[in-house]
Amino acid sequence: MPASPSGHGTSRTRSWWGWGYADSHPGDAECVAMGALLPGTLARPLPIPRVADLAIARPGVTPPSSLAHLVSTDPEVRAAHAMGKAYRDIIRALRGRPGRIPDLVARPTDDREVADLLDWAGGQGVAVIPFGGGSSVVGGVEYRGDTHRAVLSLDLTSMDRVLEVDTVGRSARIQAGALGPVLEEQVRPHGLTLRHFPQSFEFSTLGGWLATRAGGHYATGRTHIDDFVQSLRVVTPAGSSTSLRLPASGAGPSPDRLFLGSEGALGVITEAWMRLQERPRHKASASVAFADFPDALEAVRVIAQSDLSPANCRLLDPGEALLSGASQDGSAVLVLGFESATGRVDDRLASALELARAHGGRGGAPAASAGRASADRDIPADAAVSAWRSAFLRMPYLRDGLARMGAVVDTFETAATWDRIPALIDAVRTEVGSAALKTTGHPATVNCRLTHVYPDGAAPYFTVAVAGRPGEEVGIWDDIKAVASDVLHRHRATITHHHAVGRDHRPGYDLQRPEPFALALRAAKDALDPHRILNPGVLID
């Protein structure tokens, strides 16, 4: 499956079962070496799964001739659209149990074709699962259940063009199927960027970001895709909705907010007007080590509450710092970065470093300022910054390698106010670690980093790794996930900061949302999707 079905970008082969590109996965020897770090894992890695070994049933429905040219029944295409890229998806594929494989995969090229597909599916009782890059880690792009006659995966990646650019207002009208690199490639000639870079940037689409309220790489300021939206166009079974393009409005509840985060349950986002920015020309970064993690938390809070607004303010606990190669001596590490399109950022970095050192930080000699360097070139940074960046991009591939060794390894994230953060992190480490040990009989690694910080709180991101029991990995992870979700709820932390709800977070989301809002959401579902075909089981029943 090419990275960009429309022909933009690379032609490298995407992995149907795992993260990213097939040629970037660790080989058997590297898998064994990683497994040796977790006592109790397999002696040899599980084999790479093959589509030919799956029991893929014949499609349960045939599209009409007017739509047949949009639809594929190819087994490999269907298998690649069966799941997202969560740990439980990876291990199910490795064990040959990928779940319900869609009967059909459709790739519409415009709104009219989307509407026609929805009309046909509604009349036939066919479930429709909107699909962008397929990078969901919460069960957001798979079908679970048996109440529909068939399942159609609606792949939007053929709708990937930047249709219009307003250079005066620095915004663009962009089709929702544009993958991150495809989008940036088309706005770059105008000297502009969306500046939204989630870890899944290469493998996720604008529509996916909007439908899941995705968070980007940047730690402060505009952290979520919501902040960039001027207007949305959405195709629903009840008709199309296009909101007015405005810089701001106080006219009642926002129509855009109804569909942002709706995860394909209310309609299919087909395009959006998005706010763009000038490409940054000035960059500077540094890292600071802390012997005491609570001191590091306090330093980050103070920086977040200043007016410095770092682009990166990522705090790694000692375990996370060791795992990424940012520290070898048991220190926590704060990675700081600043960038600007208009002026040098050295003074802002220096001020942030001064605040960090006032709270026990050490080191932190800044990398040289980029001056007016190219926006596409990273400036040299210290060893810890470079190590963290490499590990950040490589980590999903390593997770899949550990899964091949029978390990249970995945991440979850949350957000809470600053007064709750220390106790929350301690509780997750203690209770999730204990649950993993009880469930598997093996000690677990539970690491934490702060990915996003705000004046009033922060977003901790946890990594859990433990040796599993052969064939029982999914059940083990479900048990651990349930404990983690309970901890978050008790500490009044959100069930997800930027990974979305999907199906995996439904129990936590049901507890978090107020019941009157749930009533309104169900009513919106009934009005917009009367046949209940859009992504059944996501957000609401």
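Nothing here was measured: the structure is a model prediction, and the numbers come from that model. We use all heavy atoms of the structure for the numbers below, so side chains are in, but hydrogens, waters and symmetry mates are not.
The side chain to side chain donor-acceptor pair (under 3.5 Å) test applied to Asp400 returns no partner, not counting sequence neighbours. Under the side chain to side chain donor-acceptor pair (under 3.5 Å) criterion, Glu271 pairs with Arg173, not counting sequence neighbours. Under the rule for a side-chain contact (heavy atoms from CB on, under 4.5 Å), the partners of Asp74 that lie at least two apart in sequence or sit in another chain are Ser72, Glu76, Val77. Legend: residues meeting side chain to side chain donor-acceptor pair (under 3.5 Å) with Arg78, ordered by chain and number and at least two apart, are absent.
Inspection of the Thr496 and Glu413 side chains reveals an N or O donor paired with an N or O acceptor under 3.5 Å. For the residue pair Arg233 and Thr242, a side-chain donor N or O sits within less than 3.5 Å of a side-chain acceptor on the partner.
Within the cation-pi definition used here (under 6.0 Å to the ring centroid, within 45° of the axis), Arg12 qualifies as a partner of Tyr21.
Between Tyr143 and His148, the gap from one ring centroid to the other is short of 6.0 Å. Note: Trp16 and His81 fail the aromatic proximity criterion, with ring centroids not under 6.0 Å apart. His498 has its ring centre less than 6.0 Å from the ring centre of His452. Not less than 6.0 angstrom separates the ring centroid of Trp418 from the ring centroid of Tyr454.
No salt bridge links Asp103 with Arg149; every basic N to acidic carboxylate O contact stays at or beyond 4.0 Å. Under the 4.0 Å criterion applied to side-chain N and carboxylate O atoms, Arg513 and Asp510 are assigned as salt-bridge partners. Contact check on Glu184 versus Arg279 returns a salt bridge, with a Lys/Arg side-chain nitrogen under 4.0 Å from an Asp/Glu carboxylate oxygen. With respect to Arg245 and Asp166, a salt bridge is recorded, a charged nitrogen being found less than 4.0 Å from a carboxylate O. Looking at Asp346 and Arg344, a side-chain N of the basic residue comes within less than 4.0 Å of a carboxylate O on the acidic one, giving a salt bridge.
When side chains are defined from C-beta on, Ser231 does not count as touching Leu244, because their heavy atoms never get closer than 4.5 Å. Residues Glu185 and Val162 have side chains not in contact (no heavy-atom distance under 4.5 Å, counting atoms from C-beta outward).
A donor-acceptor contact shorter than 3.5 Å links the side chain of Arg503 to the backbone of Pro536. The main-chain N or O of Ser200 is found under 3.5 Å from a side-chain atom of Ser204 such that the two form a donor-acceptor pair. Under the 3.5 Å distance criterion, the side-chain polar atoms of Gln175 are left unmatched by any main-chain donor or acceptor of Thr270. A distance-only check finds a donor-acceptor pair linking the side chain of Asp89 to the backbone of Ala86 [under 3.5 Å].
When all heavy atoms of Leu336 and Cys313 are compared, the closest pair comes out as CD2-SG, 3.9 Å. Taking every heavy atom of both residues into account, Ser15 and Gly18 meet most closely at OG-N, 2.8 Å.
Identified under the ring-ring contact (aromatic ring centres under 6.0 Å, His included) test for residues 218-238, with sequence neighbours left out: His224-His497.
Ring geometry for Trp19 versus Phe203: interplanar angle over 60°, hence perpendicular rather than tilted (30 to 60°).
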Using distance only, find each side-chain donor-acceptor pair of residues 516-525 under 3.5 Å and give its atom names and separation, not counting sequence neighbours.
{"from": "Arg522", "atom 1": "NH1", "to": "Glu515", "atom 2": "OE2", "distance (Å)": "3.2"}
{"from": "Lys525", "atom 1": "NZ", "to": "Ala265", "atom 2": "O", "distance (Å)": "2.8"}
{"from": "Lys525", "atom 1": "NZ", "to": "Asp529", "atom 2": "OD2", "distance (Å)": "2.7"}
{"from": "Lys525", "atom 1": "NZ", "to": "Leu534", "atom 2": "O", "distance (Å)": "2.8"}

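When each of Arg195, Arg188, Arg170 is tested with Glu278 by the rule salt bridge (charged side-chain N to carboxylate O under 4.0 Å, His left out), just one qualifies, namely Arg170.
When the shell of 6.0 Å around CG of Asp456 is examined, it contains more than 12 heavy atoms from other residues, nucleotides or ligands.
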Go through the steps for Asp410 and Arg88 under the test salt bridge (Lys or Arg N to Asp or Glu O under 4.0 Å), then give the verdict.
CA-CA 9 Å; Asp410 208 356; Arg88 67 193 321 276; over 6 Å; no

